[in-house]
Amino acid sequence: MLKINDIHKSFGNNEILKGVDLSIDKGDVVVILGPSGSGKTTLLRCINFLEKADSGQAGFGDLKVNLHGASKRDIHTIRQKTAFVFQNYNLFNNKTALENVTEGLIVGRRVPKADAIGIGKKALDKVGLSDKYDSYPSQLSGGQQQRVGIARAVALNPDIILFDEPTSALDPELVGEVLTVMKNIAKEGTTMLVVTHEMSFAKDVANRVIFMDGGVVVEEGSPHDIFVSPKEERTKKFLKRVLPEDYTFYI
Amino acid sequence: MSEGLNYTFLIDTFFIALSGVPITLLVTIVALLIALPLGFLLALTRINQVPVLNWFSRIYVSFVRGTPIIIQIFIVYASVPLILSLFFEKYNININVYNINPIWYAFIVFSFSTTAILIEVFRSALSTVNKGQLEAAQSVGLSNFQAYRRIVIPQALVVALPNICTATVNLIKATSLGYAMSLQEITLKAKVAANVGYNYVEAYIDIFLVYIILCSLVEYGFKIYEKRLRRYKYVSA
């Protein structure tokens, strides 16, 4: 459904992505792991054109676009098919939770207001915020804000949701509520591409794990492949660093 | 020998000064109507580093900030008629440039200087809105224009409003310099009335009062508007 070919991106002299390929099928939950600076976030941002890649192609069903020179119309089309969940939520500060969710529907996709409100309320119910429709972001905790962020993405009913370290900015005790919501929407068959440092999420929810380092994909496979029998030295080193010594992994 | 204040004159002149308010307000409003959108657009060119325009706004701002308004008035008031009369002569247009109402010059000078101030006001206000707000808006499918209109500008406006208020009040006060080009505003009217009997102190007190009332009302209006705009920031949890 989504195919990325040979994507390159540099910031100044610093080459962040050195030719990354990626292919995602409908219903996949793909987790990208990797040390910071490995280009995971940049890859995600390039797919949604929040960053302009230096070169590379994206195939979205029948739509083929050049990631460097895409027209405004192509960018708009791709953004309609994708949704983005940000590390620091980026909720619209001047809008209530419900307005945050309906904004993209009403203004971006011209859904009639009454329908959009219905969809928005349902999305907020799904993330457990039925009592927060009219709260502004400043009144919500980090975990609640991120759940609104997820509701905002889900409500758009996109082909794929891109998650950029959705729990990294949260207090440890708030991580759980967000991960639970993500697991639930994964179970419903939503296609997800997730950059995260939450190993438990990768193990329990992902059907594919990609390990990136130094701007390239080092290794990819099922969670079992990556966590139990990693082939590459760099993957082993990384996992040793992030997983506790006595951690045993059952599947 | 001093006879103290002439109270009858003080009261009469107060109303004469007051009759200059419409002109003062007209100049202020026209200047704002031109300066607000123009200042905003030029602030965008600075933030987004648009070539040429960015450079132009920078020079423009430092030029206006670096010269007194009274000098800007003298330059416009002296040079524009000169240029116009040359132009009219060349094309045989029969208009006497010296009959042009000075209010047109006031419009030019005050929108010119207010634009420069508002460029800086908007530039600082826009830079307080996190870039993530724009990105989030784009990611849910809003166009750049929609994202600015619905998400970025409402948030920037809350930050900009106190400074826009200051700029407006400064503008109202600056229009008193319009007397230098015989603009029929508050200051000129009161001064002319004072000329007859040399009652300058009374006239100045009247001018003082009219400005302070006018500016207080404007400030109050801004405060109410600001309170409404920043609802989302101070709602109690």
Side-chain angles (χ1 to χ4, degrees), chain A residues 44-45 47-51 72-73 75-97 99-111 116 132 134-141 144-145 148-149 151-156 158 161-162 164 169, chain B residues 36 40 43-44 47-51 121-165 222-237:
Chain A
L44 231 57
R45 289 171 60 84
I47 296 175
N48 209 23
F49 293 95
L50 294 175
E51 232 42 271
K72 264 192 175 164
R73 197 145 119 238
I75 292 177
H76 190 69
T77 314
I78 289 202
R79 283 184 177 153
Q80 301 268 319
K81 290 171 183 285
T82 59
F84 207 98
V85 176
F86 295 86
Q87 181 175 357
N88 40 14
Y89 337 128
N90 286 344
L91 295 187
F92 307 131
N93 292 324
N94 57 331
K95 306 263 173 200
T96 63
E99 286 168 345
N100 260 280
V101 179
T102 56
E103 184 71 16
L105 292 167
I106 298 171
V107 182
R109 292 170 205 220
R110 307 240 168 93
V111 175
K132 300 288 182 192
D134 298 321
S135 303
Y136 285 96
S138 60
Q139 297 168 288
L140 299 173
S141 72
Q144 290 170 333
Q145 289 192 50
V148 175
R152 177 168 73 179
V154 169
L156 297 170
I161 303 181
L162 310 167
D164 179 18
Chain B
L36 281 169
F40 180 76
L44 282 183
I47 284 191
N48 297 320
Q49 307 261 313
V50 179
V121 168
F122 284 128
R123 189 166 71 95
S124 60
L126 283 169
S127 63
T128 65
V129 180
N130 190 313
K131 207 174 154 235
Q133 296 284 313
L134 180 63
E135 289 180 349
Q138 291 170 335
S139 80
V140 298
L142 267 60
S143 67
N144 263 335
F145 178 76
Q146 289 168 331
Y148 265 97
R149 191 169 61 83
R150 301 186 54 89
I151 308 296
V152 178
I153 293 177
Q155 292 180 49
L157 202 56
V158 175
V159 181
L161 217 55
N163 288 330
I164 296 177
C165 177
F222 267 99
K223 224 162 243 159
I224 290 176
Y225 187 47
E226 194 188 328
K227 220 173 178 176
R228 237 189 62 192
L229 276 187
R230 59 188 325 154
R231 250 178 336 192
Y232 71 86
K233 277 200 170 169
Y234 290 132
V235 275
S236 51

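Convention: sequence-line order gives letters A, B, ...; per-chain numbering from 1. None of these values were measured; they are calculated from a predicted model.
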Show the nearest heavy-atom pair for residues [X] and [Y], with the distance to one decimal.
X       : Y       : result
A151(A) : V101(A) : O-CG1, 3.8 Å
L140(A) : Q145(A) : O-NE2, 3.3 Å
G141(B) : H76(A)  : O-CE1, 3.2 Å

Going by atom types only, do T82(A) and N48(A) share a side-chain donor-acceptor pair under 3.5 Å? yes
Heavy-atom distance under 4.5 Å to chain B: side chain of [X], backbone, both or neither?
X      : result
L91(A) : backbone
K72(A) : neither
Q80(A) : side chain

Which atoms of Q146(B) are under 4.5 Å from chain A, going by heavy atoms: the side chain, the backbone, both sets, or neither?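 It is the side chain, since no backbone atom gets that close.
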Under 4.5 Å from any heavy atom of chain A, what part of A137(B) do you find: side chain, backbone, both or neither? both
Residues two or more places apart in sequence or in another chain: which of them pass ring-ring contact (aromatic ring centres under 6.0 Å, His included) with F92(A)? none
Which of N90(A), N93(A), L156(A), L162(A) touches chain B most, by non-hydrogen pairs under 4.5 Å: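 Looking at each of N90(A), N93(A), L156(A), L162(A) in turn, N93(A) comes out on top.
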